[in-house]
Each structure stands twice: as C-alpha cells, then as structure tokens.
Amino acid sequence: FKDWWPTAERLTLPVDSMEEGRSPEGCHHMSGNVAEWVNDWYDNDYYMRARDKVVNKNPPGPEAGAQRVARGGSWVSRLPEWLTATARMPLDPATRALELGFRCARDVEVKKEKEPK
C-alpha cells in the first residue's frame, strides 16, 4: 500500500455521490473520501476534561494550540477506526495532502414553534 498510493489515481468522489452512503441526517462522505480540517485546536485530553465539566453538546475545543484537528478517515486510511467521522488527528496547520480537505458548513437557524395561547 505505501508503495502504491503515491502513484495511484486520486480516489476521491464528488461530495453528493454515493446516495446510499448518506448519514441519517443526510450528510455525504463523512469518512473515506478525504479527512476534513475542522476549526478546533488539538488537545489530546480536551474531550475528557469537557466531559467532566458536562460540556456534552459540540464542545468548542481549546482556545489555542500548536496543531489543528482533521476528522474522519480518507481514501488512504487502512484501519477501520480511522473510517469514522469521530476520528481525530493532530496536524500542523500548514499540512497539505491529497487526502486532506475541508467541508463548507454553516449554522442552521432553528425556527421556534409559536407557543399556544
């Protein structure tokens, strides 16, 4: 594998391909296409400390650090544990690689139900 992949064709697919592989929320390619940069700084123990502080929903990550986080496996991932959306790896922010990309995202406005009178 290590001898093959540097000369292999790019094995990525358009983000809306493989309809049967969508998540229950409708997200495509959360792992296996390219690992994705996220906004968080890397801290190996951050989530354990956040859990202890009961920050259970989308903890914001450390305020600073030396490495950023990439999530999810890519087409070069060989181990099943790397082919999940929760897999996290620390990378120098200047890292560039064929198996590394990003996903454009935005917050969704949640419409509040009108309260009954």
How long is the span from the CG atom in D43 to the CD atom in Q67, to the nearest 0.5 Å?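 Separation between the atoms: 10.5 Å.
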
If you round to the nearest 0.5 Å, how far is OH of Y42 from CZ of R88?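 Reported to 0.5 Å precision, the distance equals 5.0 Å.
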
Determine yes or no for a side-chain-to-main-chain donor-acceptor pair under 3.5 angstrom, with S77 supplying the side chain and L79 the backbone.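 No; zero donor-acceptor contacts below 3.5 Å.
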
Any sub-3.5 Å donor-acceptor pair from R68's side-chain atoms to N39's backbone N or O?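 A pair under 3.5 Å: yes.
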
Minimum heavy-atom separation for [X] to [Y], with atom names?
X: A35; Y: A70; result: CB-CB, 4.5 Å
X: T95; Y: L91; result: OG1-CB, 4.0 Å
X: V34; Y: L98; result: CG1-O, 3.9 Å

Within-4.5 Å side-chain heavy-atom neighbours: W37 and V69: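 Not touching, per the 4.5 Å side-chain cut-off.
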
If we only count heavy atoms from C-beta on, is the E36 to F102 side-chain gap below 4.5 Å?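 No, every pair of side-chain atoms sits at 4.5 Å or beyond.
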
Kindly work out whether a path of hydrophobic side-chain contacts (I/L/V/M/F/W/Y, heavy atoms less than 4.5 Å apart) joins M89 to W41.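 Result: no, two separate clusters.
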
Is it the case that more than 12 heavy atoms not belonging to E63 sit under 6.0 Å from its CD atom?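 Counting neighbours around CD of E63, 12 or fewer heavy atoms of other residues, nucleotides or ligands fall under 6.0 Å, so no.
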
